[in-house]
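Encoded as structure tokens, the structure appears first; notes follow it.
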Amino acid sequence: MLAIITDALVSVSKYTKRDTLRKGGEFVTRYIIRRLIQLIPVLIGISIITFLMMSFVPGDPVTLMLGQHITPQAAENIRQELGLDQSLVIRYLHYLGNIVQGDFGRSYIQHQEVTQMLRDKIPVTFQLTLVAIFIAVIFGVLIGILSSVKQYSFWDSFATFFAMTGVSIPTFWLGMMLQLIFGVVLHILPVSGIGGGGFQLQYYILPGFALGFSSMAMYVRLTRSSMLEVIRQDYIRTARAKGLSGRVVIFKHAMRNALIPVATQAGIDFAGLMGGAILTETIFSLPGIGSMLYFSISRRDYPVVQGVTLFMALVFVIINLLVDISYAVLDPRIRYD
Amino acid sequence: MAITENELYVISSPMRDIWSRLKRNKLALLGLFLVVLLCSIAIFAGVISPYDPTGQAMKESLRAPSAGHLMGTDVLGRDILSRVFHGARASLIVGVVATGISLVIGVFVGAVSGYYGGWVDSLIMRITDIFFAFPFFLLAIAIMTFLGPSFINVFIALGLIGWTNFARLVRGQVLSVKASEYVEAARAVGASNSRIIWKHVLPNTLAPIIVYATMNIGSAILSEAGLSFLGIGVQPPNPSWGLMLSEGTTYIWNAPWMVIWPGVAIFLTVLGFNLLGDGLRDALDPRLKE
């Protein structure tokens, strides 16, 4: 985890150095510093919430960890060892200290470090999320462009309805339906697992589609409104006046600017989809963080649930920060007052 | 033809304007129809269900859809149509109550934050930042895992996480309304802060709140389905669409009707609320249209 945070700070400082050399870079630098300062209370808040989760757990943590058959003396020793006899504040500071050192706790069931478990499962979740974003952006942008170019036509209404469908359909149910259609009826794509060996795209297509479908709907709407704004600009009229074909104007001139908000959203979406992957991974039996969380929930393995929640929140915050900074660097029109 | 004073009054009624704008939007009407249908099913589930939703009949186990069981039966021989009808209740109650909790907390906090500004605003916004740092569904899962699965806890979890969106929305609206002349006029005649907030500021921020609340009911229903699917929402034998999907997962290959119908029900319900919310946005305030 520390490595991720360090990487984020290094990339931030790279931006900082580069931009101070540029005209107007001072503004971006100030913005980055302010965002980093704002991050401190958020990070502390995240740690407090995840810490407090454990205090909601009904029953004794030591019994949960070691079962009912432990002697009272042994339970007391372990309680002292874990610092459970200390006050809430001391326990929180201890927890915070552990997080900073990359210690997210230990699984009750598998008796393994949560950080290690996360490290083993990240690649699958990461690959699934990437495939989902890719499918969502490609289809979403194409349908969005079609909808904006043919505003108020049948295609526009179709795109609106499609977008509504996307945000209304339960991801996990869509996954099941895809399994039924492609696994039972068509036999085209594998419906569960990740195959043997390295990354095999065919195993990720159905879960990626299911996971990305709701985001796809959002990209349709975002691209449509962004394109509608851009195609009314003077430079697009100029391009048309020069006699360029409609296709060149749309794909070379308009799309480039219209896609800035889409790219920003894709960054934010990445972290959100990682959090939403739990249901998709469960349905498609993908051995990622989501499946790990599912098994931990069913076995009441609280430290893993706590660790995964904390990890996802940190990833979410860091990605949002990087997206905001890249936005400030890329688009000088943005005002951050 | 001369227009009488009475006709002018009728024509300019806000509700009439909203309804006439709403009924021009076919998709919004479809949404309204789906929502009314869902509410009717939820209210009359006990009357219109052909069987007891929890009544087991092992001899009828895994029957395909037929005249006797229009949507088939599950592994315990329970009629899926009856369970889908009764599941509408759970979904609707969760959607409305969770949204209600979020709405009450969010509107209060957002109004205070936007109106008073200063350190109160900064503090509240930092708290919302912390909640926004968690992916919504993941935080719901985490809270439910620690609180323990139950119907009431679903309200608490979804309600307690969802207020931040309402707070931000209301805060933004309040900030824009606060600067208007009529608020200044109210302050000039000596109206108290609470009177200004409740009588002048909030009524002018209602349109986006209603729109967001309508759509939020749909999202809450989706989240409940997800939580119940994971086994940390509504508990058996109570019928819930998410739970029905979870029970059907094992039998998806030999009894696909067990997962098809509850999913269709969730989809149509959420679609109904989203279409209605989208239509209401245009009908309540045409300026809000994209």
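The model shown is predicted, which means the values in this text are computed figures rather than measured ones.
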Go through [options] and name the one with the most non-hydrogen pairs under 4.5 angstrom from chain A.
options	answer
B:D129, B:L30, B:L147, B:V259	B:V259
B:I127, B:I260, B:L27, B:I266	B:I260
B:F137, B:F131, B:F136, B:F273	B:F137

So for [X], is it side chain, backbone, both, or neither that comes closer than 4.5 Å to the heavy atoms of chain A?
X	result
B:L230	both
B:I141	side chain
B:F132	backbone
B:M215	side chain
B:L268	neither

Drop me the distance from [X]'s [atom1] to [Y]'s [atom2], to the nearest 0.5 angstrom.
X	Y	atom1	atom2	value
A:T165	B:L275	OG1	CG	7.5 Å
A:Y294	B:I232	OH	CD1	10.0 Å
A:I44	B:I130	CD1	CD1	8.5 Å

Side-chain heavy atoms of [X] within contact of [Y], under 4.5 Å:
X	Y	answer
A:M176	B:L245	yes
A:M164	B:D278	yes
B:L222	A:W173	no

| message | side chain to side chain contact (heavy atoms under 4.5 Å, CB included), that's the test. Do A:M53 and B:L139 meet it? Break it down for me. | response | CA-CA 10 Å; A:M53 280 173 181; B:L139 188 56; 3.7 Å; yes

| field | Selection from A:N320, A:T50, A:I49, A:V317 maximising heavy-atom pairs under 4.5 Å formed with chain B | value | A:I49

| said: With a strict 4.5 Å heavy-atom criterion, list every residue of residues 249-257 of chain B that contacts chain A, or say none. | reply: B:T249, B:I252, B:W253, B:P256

| Do the two ring centres, one from A:F316 and one from B:F134, sit under 6.0 Å apart? | no

